[in-house]
Amino acid sequence: MKKILFTMILLVLAVALVACGGNDNESKGNADNDKSVNLGGTAGPYSDMLKQAIQPALEAKGYEVKIHEFSDYIQPNVALESGDIDANLFQHSIYLENFSKENDMDLTGLITVPTAPMGIYSNKYESIDDIKDGATITIPNDPVNAARTFLILQDHGLIELNPDAEPLTVSEKDIQKNVKNLVFQPIEAGQLPRSVDSADLAAVPGNFALAAEMDLLDALVLENMPDQYRNLVAVTTANKDSQLAKDLVEIVESREFEELIDAEFEGFGKPEWMKNR
């Protein structure tokens, strides 16, 4: 009798273990099919773009999306590399390449998006033609954004640059002709919006202008931005061919995305692929 009872107990335990094993496998299957994603961007227009244009489209595809906002240009890539987020939107390709190289990261840009251009702003002049000889202009003190400034000024006939200089790295030393004898005052980019009140002119990158609640269309002129300066959606290189990466590209390439940008992000410059399709 004892042997029969012991055998029955073993059978019950075996059935219980099999049932537990089945539940565990089912749970793992759900995890493998999980479509929750984390996206990161710097606070301001690009986290807004994620929230307004990309998140709803991903959710329509069945994803559960969480947006993480960052206050600097370092943590979004650190979080991407570590796996805390799956993609980010805040940087252009030059920054991505330099940051990846300097920090031994393997990150890849998927697709460029419409980007807030740098503008030349003034509370003193109403047009480029009004600028007086010897006017002061505040410019970003970092080489990349300073180069953008000089290209804008050349595009509008205010300076002439050495034609042999590399366009993406031109500096004040490459100026061959200063038509209006502009006086350049390099300052921290974040201070440029305030400088509109004190300088005759100020070259303000779009993200800083928007953060200061400036209207992009108030600029005397806006940058004809090279695509290398347009922001992009980035992922780790290991995930560049993932389904999420394919879905992000499909969303950004959609007409619905472009229509929302036209409606909600007025003044943003479109990348060449979007303008030429």
Side-chain angles (χ1 to χ4, degrees), residues 41-49 69-73 90-92 94-95 113-161 167-175 177-226 228-231 261-262 264-270:
T42 46
Y46 300 105
S47 62
D48 289 343
M49 191 177 292
E69 289 191 353
F70 298 90
S71 59
D72 62 49
Y73 285 4
F90 77 99
Q91 65 196 322
H92 51 59
I94 298 173
Y95 181 87
V113 301
T115 303
M118 177 181 284
I120 305 298
Y121 295 84
S122 177
N123 286 341
K124 183 173 182 178
Y125 302 118
E126 294 185 0
S127 75
I128 287 291
D129 295 334
D130 295 336
I131 297 173
K132 303 298 183 184
D133 192 77
T136 59
I137 177 169
T138 51
I139 68 173
N141 64 358
D142 64 281
V144 171
N145 284 315
R148 295 169 67 184
T149 303
F150 296 128
L151 293 176
I152 298 173
L153 297 176
Q154 176 171 255
D155 285 344
H156 293 276
L158 295 172
I159 64 173
E160 291 181 12
L161 297 167
L168 299 181
T169 59
V170 293
S171 64
E172 189 172 352
K173 67 180 176 60
D174 295 308
I175 298 175
K177 186 176 181 180
N178 188 345
V179 178
K180 294 284 187 176
N181 295 307
L182 298 175
V183 178
F184 300 100
Q185 298 177 344
I187 64 174
E188 176 65 35
Q191 302 302 315
L192 287 165
R194 293 183 185 178
S195 73
V196 177
D197 292 326
S198 57
D200 297 323
L201 303 159
V204 186
N207 58 320
F208 290 105
L210 291 171
E213 299 184 349
M214 297 169 66
D215 188 336
L216 295 180
L217 300 184
D218 285 342
L220 301 185
V221 293
L222 289 172
E223 172 184 28
N224 181 20
M225 183 185 295
Q228 294 96 324
Y229 293 137
R230 297 191 194 281
N231 284 355
I261 295 298
D262 290 341
E264 301 295 335
F265 297 85
E266 194 174 7
F268 278 48
K270 295 178 181 178

Worksheet item: Can you tell me if CG on Asp218 sees more than 12 non-hydrogen neighbours from other groups inside 6.0 Å?
Response: yes
Between [X] (side chain) and [Y] (backbone), is there a donor-acceptor pair under 3.5 Å?
X: Tyr95; Y: Tyr73; value: yes
X: Asn145; Y: Asp142; value: no
X: Tyr229; Y: Leu168; value: yes
X: Arg230; Y: His92; value: no
X: Thr115; Y: Asn231; value: yes
X: Ser122; Y: Asp200; value: yes

Fill in: Pair Lys177-Val179, side-chain contact (heavy atoms from CB on, under 4.5 Å): steps then yes or no
CA-CA 6 Å; Lys177 186 176 181 180; Val179 178; 4.3 Å; yes
Discussion item. If only side-chain N and O atoms count, and only distance matters, is there a donor-acceptor pair under 3.5 Å linking Thr136 with Gln185?
Written reply: no
Close side-chain approach of [X] and [Y], heavy atoms under 4.5 Å:
X: Leu216; Y: Tyr121; answer: yes
X: Thr138; Y: Leu201; answer: no
X: Phe208; Y: Leu192; answer: no
X: Leu161; Y: Phe150; answer: yes

Fill in: Pair Asp197 + Lys124, salt bridge at N-O below 4.0 Å
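Here Asp197 does not pair with Lys124 in a salt bridge, since their nearest N and O are not under 4.0 Å apart.
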Discussion item. Between Asp133 and Lys180, does any side-chain N to carboxylate O distance fall below 4.0 Å?
Written reply: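 Here Asp133 does not pair with Lys180 in a salt bridge, since their nearest N and O are not under 4.0 Å apart.
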Fill in: Heavy-atom closest pair, residues Ala203 and Met118
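Nearest heavy atoms, Ala203 then Met118: CB-SD, 4.2 Å.
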